[in-house]
Structures are given as C-alpha cells and as structure tokens.
Peer 1: 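Would you mind keeping the following structure in view while I ask a few things?
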Amino acid sequence: SFPTRRSSDLRATLSLCSSRGEVFHILDLPGFRGCTPGQLRLGSVAPHMPMFLSAPRDLAVLQVRDLLEHAVQLLEAGQCDDAIRLADGGGDDVQGLRHIVCLKCVAPDLRSGSFERACATIGRFRELEAPTWQECIMQFDRFGGLQYLAVNIPVPPRSTRLPQEVYDDALGRLVAFPSALVAVLSWWPPDIFSVG
C-alpha cells in the first residue's frame with residue numbers, strides 16, 4: 001500500500017490484514033522508497049515457496065507465514081506490543097493465537113514478580129477465552145500472585161461470563177489468600193460459582 005505523496009517521499013509498505021480486511025501490522029519496505037505502485041510486482045513460484053516483490057532497483061523476498069508463526073517471531077524479538085496487536089487483530093481467525101501470545105507476554109513479568117504489570121498486559125487483550133483465563137489463574141498462582149489477578153477476572157454484568165469451572169478454580173486457589181478470597185466472594189455474583 002502507498003500513501004498519496006510525490007516522488008522520493010513515497011513510502012512503500014506491506015500491510016498484513018485479517019480475513020475481514022482489518023490491518024493489524026504494517027511493514028515498511030525502505031528499499032522501495034520512491035517507487036510507484038505501477039513499478040512494483042508481487043509474485044511467487046508456488047504456494048509453498050517464498051514470494052518476491054520486485055522494483056526497478058531492488059528485489060525483496062517475502063516468506064509467507066501464518067499469523068501464529070508471525071506472532072511467535074515477534075515475541076522472540078521482544079515485540080510484545082506488536083504481537084498483542086496481531087493477536088487482537090487476527091486472533092478471531094486463528095485458534096490459540098491469543099492464548100499463546102497472552103501467556104508468552106505475561107511469563108517474564110510473572111517470573112520477576114511484576115504482577116501488576118502482568119495484569120496490565122492481560123487487560124490489553126480483548127475478550128480472552130476461558131482456557132486462557134484458566135491458564136493465567138494457574139500461572140499467577142504458581143508464582144504467588146493470584147490475589148493480583150483475581151480482581152481482573154471478568155464477571156457479569158461488566159464482562160462476558162466465563163464457565164463456572166474457571167471461577168471455581170480461582171476460588172479454590174485463593175484459599176491461600178484469605179483477604180483476597182473474602183473480597184472476591186463479596187464482589188462476584190453468587191450464581192457464577194458453585195456454592196459447594
């Protein structure tokens with residue numbers, strides 16, 4: 001994609017989109033600066049082979065990856081912000097993408113005991129699935145920070161209702177933190193967890 005500018009100011013970018021056309025990542029192609037859309041050619045030899053982008057003075061080889069592979073590469077490069085944007089932008093179409101990105105983003109903060117920061121990271125995701133919440137509850141408990149996460153677990157009416165076992169799991173693990181357990185029991189609607 002190209003913004004409407006003139007000659008040498010023209011930036012060449014490659015936009016990654018979801019299947020609905022929502023742009024979730026833009027890659028700048030500096031070697032193609034100043035090229036017009038008519039000068040660029042995108043092609044490939046076969047579906048499983050790398051694609052190429054050619055211009056009058058340069059050639060770029062693009063490896064086609066799925067969103068999960070791209071998210072893992074971003075995380076390995078320490079680009080959690082971009083990985084979260086990718087997961088939220090294309091996560092509906094790729095099963096497990098938000099789950100993997102969320103857990104990999106919070107893991108360093110949990111290991112270092114930065115529980116507030118880990119909670120803030122979880123809050124950046126939109127509508128995490130129940131298995132992700134369950135795994136987050138287990139990981140926060142494992143590192144001794146479940147009392148920080150408990151107030152962030154979505155409960156109706158402000159958020160989507162999770163399966164009852166997620167709430168039961170959190171309550172069972174909060175027994176080690178009595179003040180957090182009492183606070184959650186007084187705040188959560190009684191119909192979302194089992195009384196027993």
Peer 1: Who passes salt bridge (charged side-chain N to carboxylate O under 4.0 Å, His left out) against Asp168, sequence neighbours left out?
Peer 2: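 With neighbours one apart ignored, the set is empty.
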Peer 1: List for me each residue that meets ring-ring contact (aromatic ring centres under 6.0 Å, His included) alongside Phe125, sequence neighbours excluded, and say none if there are none.
Peer 2: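 By the ring-ring contact (aromatic ring centres under 6.0 Å, His included) rule, Phe125 matches no residue at all.
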Peer 1: Look up atom CD in Glu69 and atom CG in Leu74, then write down how far apart they are to the nearest 0.5 Å.
Peer 2: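 These two atoms lie 12.0 Å from each other.
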Peer 1: Given side chains that start at C-beta, do those of Tyr167 and Ile137 come closer than 4.5 Å, heavy atoms only?
Peer 2: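 Side chain of Tyr167 against side chain of Ile137, heavy atoms only: no contact under 4.5 Å found.
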Peer 1: Identify whether Leu185 and Leu174 are in the same connected component of the hydrophobic contact network (ILVMFWY, side-chain heavy atoms under 4.5 Å).
Peer 2: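 Yes, one cluster joins them.
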Peer 1: Quick one: ring-ring contact (aromatic ring centres under 6.0 Å, His included) partners of Phe193, sequence neighbours excluded?
Peer 2: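 Once residues adjacent in sequence are excluded, Phe193 has no partner under the ring-ring contact (aromatic ring centres under 6.0 Å, His included) criterion.
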Peer 1: Would you list the pairs meeting side chain to side chain donor-acceptor pair (under 3.5 Å) in which at least one residue belongs to residues 181-190, sequence neighbours left out?
Peer 2: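 Of all non-adjacent pairs touching residues 181-190, none passes side chain to side chain donor-acceptor pair (under 3.5 Å).
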Peer 1: Does Glu116 have any side chain to side chain contact (heavy atoms under 4.5 Å, CB included) partners at least two apart in sequence or in another chain, and if so, which?
Peer 2: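 Here the qualifying residues are Tyr148.
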Peer 1: Which side-chain N or O atoms in residues 103-113 pair as donor and acceptor under 3.5 Å with protein atoms at least two apart or in another chain?
Peer 2:
residue, atom, partner, partner atom, Å
Ser112, OG, Pro108, O, 3.3
Ser112, OG, Asp109, O, 3.2
Ser112, OG, Ser114, OG, 3.2

Peer 1: I'd like to know if Asp88 pairs up with Arg124 as an ion pair, taking the criterion as any Lys NZ or Arg NE/NH1/NH2 lying under 4.0 Å from an Asp or Glu carboxylate oxygen.
Peer 2: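 Between Arg124 and Asp88 there is no salt bridge, as every charged N stays at least 4.0 Å from the carboxylate O atoms.
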Peer 1: Would you compute the distance between atom NE2 of His70 and atom CG of Leu97 and round it to the nearest 0.5 angstrom?
Peer 2: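 CG of Leu97 is found 10.5 Å from NE2 of His70.
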Peer 1: Mind running side-chain contact (heavy atoms from CB on, under 4.5 Å) on Leu86 and Val101 for me, showing each step along the way?
Peer 2: CA-CA 9 Å; Leu86 174 75; Val101 171; over 6 Å; no
Peer 1: Closest heavy-atom contact between Leu128 and Cys102?
Peer 2: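 Leu128 and Cys102 have their closest heavy atoms at CD1-SG, 3.9 Å.
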Peer 1: Quick one: does Arg98's side chain have a donor or acceptor within less than 3.5 Å of a partner on Glu129's backbone?
Peer 2: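 No, the answer is negative, given that no donor and acceptor are paired below the 3.5 Å cut-off.
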Peer 1: With sequence neighbours excluded, tell me which residues meet ring-ring contact (aromatic ring centres under 6.0 Å, His included) with Phe177.
Peer 2: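 With neighbours one apart ignored, the set is empty.
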Peer 1: Taking salt bridge (charged side-chain N to carboxylate O under 4.0 Å, His left out) as the cut-off, I'd like each qualifying pair that reaches into residues 132-154, sequence neighbours left out, listed once.
Peer 2: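 For residues 132-154: Asp141-Arg173.
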Peer 1: Drop me the distance from Asp191's CG to Arg161's CZ, to the nearest 0.5 angstrom.
Peer 2: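 Interatomic distance, Asp191 CG to Arg161 CZ, rounded to 0.5 Å: 4.5 Å.
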Peer 1: Would a 4.5 Å heavy-atom cut-off, applied to side chains only, mark Phe140 and Asn152 as touching?
Peer 2: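 Heavy-atom side-chain distance check fails, nothing below 4.5 Å.
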Peer 1: Sequence neighbours excluded, which residues qualify as side-chain hydrogen bond (donor to acceptor under 3.5 Å, both in side chains) partners of Gln39?
Peer 2: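 Only Thr36 meet the side-chain hydrogen bond (donor to acceptor under 3.5 Å, both in side chains) criterion with Gln39.
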Peer 1: Applying salt bridge (charged side-chain N to carboxylate O under 4.0 Å, His left out) as the test, list every pair that has at least one member in residues 174-184; sequence neighbours left out.
Peer 2: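 Every candidate salt bridge (charged side-chain N to carboxylate O under 4.0 Å, His left out) pair involving residues 174-184 fails, so no pair, neighbours aside, qualifies.
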Peer 1: So, using side-chain hydrogen bond (donor to acceptor under 3.5 Å, both in side chains) as the criterion, who are the partners of Thr121 when residues are at least two apart?
Peer 2: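 side-chain hydrogen bond (donor to acceptor under 3.5 Å, both in side chains) list for Thr121, sorted by chain: empty.
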Peer 1: Between Asp169 and Met138, does the side-chain contact (heavy atoms from CB on, under 4.5 Å) criterion hold? Intermediate values first, please.
Peer 2: CA-CA 9 Å; Asp169 186 29; Met138 288 178 10; 4.1 Å; yes
Peer 1: Any salt bridge (charged side-chain N to carboxylate O under 4.0 Å, His left out) pairs touching residues 177-186, not counting sequence neighbours?
Peer 2: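 Counting only pairs at least two positions apart or across chains, no salt bridge (charged side-chain N to carboxylate O under 4.0 Å, His left out) contact touches residues 177-186.
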Peer 1: Which atoms form the tightest heavy-atom contact between Ala130 and Leu162, and what is the distance?
Peer 2: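 Closest heavy-atom pair between Ala130 and Leu162: CA-CD2, 4.1 Å.
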Peer 1: If you round to the nearest 0.5 Å, how far is CD1 of Ile100 from CG of Leu68?
Peer 2: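 Answer for the CG-CD1 pair, Leu68 versus Ile100, is 4.5 Å.
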